[in-house]
Novice: 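What follows is a single structure, and I will ask about it in a moment.
The sequence lines fix the lettering, A, B, ..., with proteins before strands; numbering per chain opens at 1.
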2 protein chains.
Amino acid sequence: MATGRTHRPATRSRGIPEATVARLPLYLRALTALSERSVPTVSSEELAAAAGVNSAKLRKDFSYLGSYGTRGVGYDVEYLVYQISRELGLTQDWPVVIVGIGNLGAALANYGGFASRGFRVAALIDADPAMAGKPVAGIAVQHTDELEKIIKDNGVSIGVIATPAGAAQQVCDRLVAAGVTSILNFAPTVLTVPDGVDVRKVDLSIELQILAFHEQRKAGEDAGQDDDESDDARAVAAREARRAVREVREAAGKTGRDADASTGASDRKGPDGDVPAVMPA
Amino acid sequence: MATGRTHRPATRSRGIPEATVARLPLYLRALTALSERSVPTVSSEELAAAAGVNSAKLRKDFSYLGSYGTRGVGYDVEYLVYQISRELGLTQDWPVVIVGIGNLGAALANYGGFASRGFRVAALIDADPAMAGKPVAGIAVQHTDELEKIIKDNGVSIGVIATPAGAAQQVCDRLVAAGVTSILNFAPTVLTVPDGVDVRKVDLSIELQILAFHEQRKAGEDAGQDDDESDDARAVAAREARRAVREVREAAGKTGRDADASTGASDRKGPDGDVPAVMPA
DNA sequence: ATGTCTTTGTGAACGCGTGCACAAAGATGG
DNA sequence: CCATCTTTGTGCACGCGTTCACAAAGACAT
């Protein structure tokens, strides 16, 4: 067991909590906006409002970086922008490669938020030979065969995967083998990576599903329509149903194949197909 | 103050913790894959591995939904798929609109993961008149003027914002006014919404910045190169520098304008421009 | 110089999420 | 029917993150 981890437990980097690190980019964005308006200083209350967080949280977050504020005044905008940028490692140049130049990959390549934060798209890579040479966002797409060479020549340590789910693990393995140690994964799959490699996941459909849950709850509260049974009764009924399923299967002779799949769920199995096999190994 | 919240504290929906809800889609995906391979049952250990989580966590998550497992055997795949789908509200049809049909919007429209989960793209909306009528992913783009009518005619309650940051809040307001109560925001801005409206945020560049932080830390550990001073010394130096800045500004006469911006950060202020003003109000 | 007023920085309490470890439940074999 | 073995469901403890509330620090006016 212990197949491999997806996201490290984050052994408390250098005293900076993971939750704080995740908010630093938020603060940075708000501060950059203030900087462009030539606002010299900002209070924790104002900045917190602009970043959409609690002011106490913001102050505690900044306290991990050091004492950069002035009591009675607030924080120096320019100085704070520099400190956060430095802490996040944005004062240096990060070459990244994007693998999988479909709709999403192209969108990412064109995304302006990268270049402005010290990220430089070093290469676009796609498995389709027909794509090779085509310019996307002003950069010629290169074939997957060149992957290893590109990584090494450019000293790339961050890779973005925007391939279909089926190809993601394979691409991931090649990226890691070539020296990439941080991966941003847009493919709907759980990636397995060796220790020391960071993976962050962005899943578009998962976000929508979470919204749907809350949406359903909201609708269900206003008028208790969909929810048929109480919690306890539901659990009992479930157990009952489950047993029935097993009895049917047993009676059917128990071959390896699915015996008719006669569940209440049989009608809900719409045209799927985008979800690939998860870890066939 | 208290300008408005971005993400609700999630007053413990119906006993199901928010963290659990966020993992349900993960389980669902893994289960769907098993279902397609006609696997009848699965143990918590196997399923946890496929979903990339701890098995105890998975069992506890499922315990919130009810007792759907069989001791000594595991969970019935088909049955669990149905239960989770129902809990997430995926047994019903959710019409969604996507606003902002640029690269990202088009990618989202083409994304197969939506349709397969009960989400139906009811309309694509863009502010550019030149886009109107153009088919994207087989759907004709409609102009922003039609927004309110589209929402109401289709009973849309979930909206996706993929516009530039500058337009996001305005679009958000119109969506909410028209009846949308859940929003998935891809624009790099903090959206302000009234109570009762859920907002989830996906920010591409923030994820990269978090990766950069860890990447820098990894590089810094292997060879202490970039980090110049120790923690305590750094805080002291910072305080010193900050004071110096203030003195300079004071000496310059203290006009509203930035007095030369002579910080150590002055050289790091590259060509930005994608970040819009944050909450001008 | 002294007092007042603003705002930071942080100690402390609380709640949530996670993971361990085990008892209970049920399947399976004799 | 009993014994054994597998796997679930959960009580419990621990650690992280959030929030409150306040003392200390500094600006600013007099």
Novice: What integer distance in Å separates A:Phe62:CZ from C:dT10:C1'?
Specialist: 16 Å
Novice: Quick one: is A:Thr70 getting a side-chain N or O under 4.0 Å of the D:dG26 phosphate, OP1 or OP2?
Specialist: no
Novice: Whole Å only: how far is the CG atom of A:Leu58 from the C1' atom of D:dG17?
Specialist: 15 Å
Novice: Can you tell me whether the side chain of B:Lys60 and the base of C:dG19 have a donor-acceptor pair closer than 3.5 Å?
Specialist: yes
Novice: Where is the tightest heavy-atom contact between A:Glu87 and A:Leu24, given as atom of each residue plus distance?
Specialist: CG-CD1, 4.4 Å
Novice: Whole-Å distance between C:dG17 C1' and B:Ile16 CD1?
Specialist: 16 Å
Novice: How long is the line joining CD of B:Glu46 and C1' of D:dT6, in whole Å?
Specialist: 12 Å
Novice: Quick one: CG on A:Leu26 to CD1 on B:Ile206, what's the gap to the nearest 0.5 Å?
Specialist: 4.5 Å
Novice: Within less than 4.0 Å of OP1 or OP2 of C:dT8, is there a side-chain N or O belonging to A:Ser44?
Specialist: yes
Novice: Is it true that B:Tyr68 and B:Tyr75 have ring centroids separated by less than 6.0 Å?
Specialist: no
Novice: Given atom NZ of A:Lys57 and atom P of D:dG17, what is their separation to the nearest angstrom?
Specialist: 11 Å
Novice: I need the CD-C1' distance between B:Glu45 and D:dG9, as an integer number of Å.
Specialist: 14 Å
Novice: Please report, rounded to the nearest Å, how far the P atom of D:dG26 is from the OH atom of A:Tyr75.
Specialist: 14 Å
Novice: Would you kindly compare B:Gly72 and A:Ala56 by the position of their nearest DNA chain D nucleotide and give the one closer to the 5′ end?
Specialist: B:Gly72
Novice: Does B:Asn54 use its side chain to pair, donor to acceptor, with the backbone of B:Leu58 at less than 3.5 Å?
Specialist: no
Novice: What are the two closest non-hydrogen atoms of A:Ser85 and A:Leu28, and how far apart are they?
Specialist: OG-CD1, 3.7 Å
Novice: Is any side-chain N or O of A:Arg71 under 3.5 Å from a base N or O of C:dT7, one able to act as donor and the other as acceptor?
Specialist: no
Novice: In whole angstroms, how far is the C1' atom of D:dC14 from the CG atom of B:Asn54?
Specialist: 15 Å
Novice: Given C:dA21, is OP1 or OP2 found less than 4.0 Å from the side-chain N or O atoms of B:Arg59?
Specialist: no
Novice: Counting only side-chain nitrogens and oxygens, does A:Tyr64 get under 4.0 Å of the OP1 or OP2 atom of D:dC16?
Specialist: no
Novice: Between D:dA27, D:dG9, D:dG17, which one does the side chain of A:Val73 approach most closely?
Specialist: D:dA27
